[in-house]
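This report refers to the structure that appears directly beneath it.
Keep in mind the model is a prediction, meaning the values are calculated, not measured.
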Amino acid sequence: MNKYMVIERFKDGCFDAAYDRFHIEGRLLPDGLHYVNSWVNRHDSICFQLMETADPALIDIWFERWRDLVDFELYEID
């Protein structure tokens, strides 16, 4: 299982919409992508998420489900 740091930058005005979707639909993770932990900065503009998966292609599927509200950066952790 590989670990990844995901940096989510909420698009202008989309923080509340992202959290509304999360509370209604959950994280929208595809099977095989696992949430480990997350932190939001004090300005509510960036969320850092630690994820695990054996199949990194699943991350792209997850990103597509949120791309209307969030811009992503992805870093594999050794």
In terms of hydrophobic clustering (I, L, V, M, F, W, Y; side-chain heavy atoms under 4.5 Å; direct or indirect links), are [X] and [Y] co-clustered?
X	Y	value
Y4	Y75	no
W66	I7	no
L74	I46	no
V6	L28	yes
W62	V36	no

Supply the atom-to-atom distance [X] [atom1] to [Y] [atom2], rounded to the nearest 0.5 angstrom.
X	Y	atom1	atom2	result
W39	Q49	CH2	CD	9.0 Å
D71	F63	CG	CZ	10.5 Å
N37	E52	CG	CD	11.0 Å
K11	S45	NZ	OG	15.0 Å
D31	D55	CG	CG	11.5 Å
F22	C47	CZ	SG	9.0 Å

Between [X] and [Y], what is the shortest heavy-atom contact and its length?
X	Y	answer
L29	M51	CD2-CE, 3.5 Å
T53	G32	OG1-O, 2.9 Å
A18	F10	CB-CE2, 3.7 Å
K3	L50	CB-CD1, 4.4 Å
R65	P30	NH1-N, 3.5 Å
F15	D44	CD1-O, 3.1 Å

More than 12 heavy atoms from other groups under 6.0 Å of CG on D12: no
Contact check, side chains of L69 and R21, non-hydrogen atoms, under 4.5 Å: yes
Connected-component partners of M1 among ILVMFWY, side-chain separation under 4.5 Å: none
